[in-house]
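Naming: A, B, ... by sequence-line order, numbering from 1 per chain. Values reported hereafter were calculated over all heavy atoms of this structure, with side chains retained and with hydrogens, waters and symmetry mates removed.
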Amino acid sequence: AQTVTQSQPEMSVQEAETVTLSCTYDTSENNYYLFWYKQPPSRQMILVIRQEAYKQQNATENRFSVNFQKAAKSFSLKISDSQLGDTAMYFCAFMKHGMRFGAGTRLTVKP
Amino acid sequence: GAGVSQSPSNKVTEKGKDVELRCDPISGHTALYWYRQSLGQGLEFLIYFQGNSAPDKSGLPSDRFSAERTGGSVSTLTIQRTQQEDSAVYLCASSADRGVTDTQYFGPGTRLTVL
């Protein structure tokens, strides 16, 4: 069974600074997908970024980038130039046969 | 509509009553998922539909929970004889197909409160 671990229940960052959220997972699979989702207070789950395990290049979406370490089974999310609107719960997710989510990290961006 | 919609957005019910939660996926999406999110927790997978069939029901917590999907579109999650521990946000997601390439798009959820 796949498990996803987010070891940081809460984090905070000053506006305009950079923050990194950690995620590790456990799997025996070789091909799979990894995602970061954002859930603001509105409760809407929003896809932030995705990474295909067969790709060595780290995915990037504007201010969001990942550090994917396949051997270490690590998938961290870096948010650059943090904005107040980035305040939300962030969930790491693993997908092979169905999707499994981590417990989430609550990120607060302070003005 | 452009996104996944769910209704109602909030539901308060008394212990022992039955409830139905509805999900309208993105038009054309063949895969549909139900998740449960308890307060302050991550998402717990409940059931997955491909078309009208449910090849993966492994996450349903008890036989009080059931779901159906008709016409390859709308899905209904039914909870019978609700218990207080059923209180949670129930999220629905859809994707174009159930492959590892497919991103899931989530609805806004239904917050269920069982008194």
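Other residues, nucleotides and ligands contribute over 12 non-hydrogen atoms within 6.0 Å of the NZ atom of A:K70. For B:E85, the CD atom counts as densely surrounded, since its 6.0 Å shell holds more than 12 non-hydrogen atoms of other residues, nucleotides or ligands. Within 6.0 Å of the OH atom in B:Y105, the count of heavy atoms belonging to other residues, nucleotides or ligands does not exceed 12.
Proximity to chain A at a heavy-atom threshold of 4.5 Å picks out nothing from residues 70-79 of chain B. Scanning residues 102-111 of chain A against chain B with a 4.5 Å non-hydrogen threshold yields A:G102, A:A103, sorted by number.
Side-chain contact between B:F45 and A:F101 is absent, with no heavy-atom pair separated by less than 4.5 Å.
One hydrophobic cluster, built from ILVMFWY side chains closer than 4.5 Å, holds both A:Y54 and A:F35. With hydrophobic clusters built from ILVMFWY side chains whose heavy atoms lie under 4.5 angstrom apart, B:V19 does not share a cluster with B:L115.
Between A:Y33 atom OH and B:Q104 atom CD the span is 13.5 Å, to the nearest 0.5 Å. Residue A:M45 holds its CE atom at 4.5 Å from CG of B:L43, rounded to the nearest 0.5 Å. Considering CG of B:L91 and CD of A:Q44, their distance stands at 8.5 Å, rounded to 0.5 Å.
At a 4.5 Å heavy-atom cutoff, A:E52 makes no contact with chain B through either its backbone or its side chain.
When ring centroids are compared, A:Y37 and B:F106 come within the 6.0 Å threshold.
Across all their heavy atoms, B:G109 and A:R43 have their closest contact at O-NH2, 2.9 Å.
Among residues at least two apart or in separate chains, salt bridge (charged side-chain N to carboxylate O under 4.0 Å, His left out) pairs with a member in residues 34-43 of chain B are B:R36-B:E44.
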Indicate every side-chain donor-acceptor pair of residues 60-69 of chain A with a distance under 3.5 Å to a residue at least two apart or in another chain.
| residue | atom | partner | partner atom | Å |
| --- | --- | --- | --- | --- |
| A:R63 | NH1 | A:S80 | O | 3.1 |
| A:R63 | NH1 | A:D81 | O | 3.2 |
| A:R63 | NH1 | A:D86 | OD2 | 2.8 |
| A:R63 | NH2 | A:D86 | OD1 | 2.9 |
| A:R63 | NH2 | A:D86 | OD2 | 3.3 |
| A:N67 | OD1 | A:Q69 | NE2 | 2.7 |

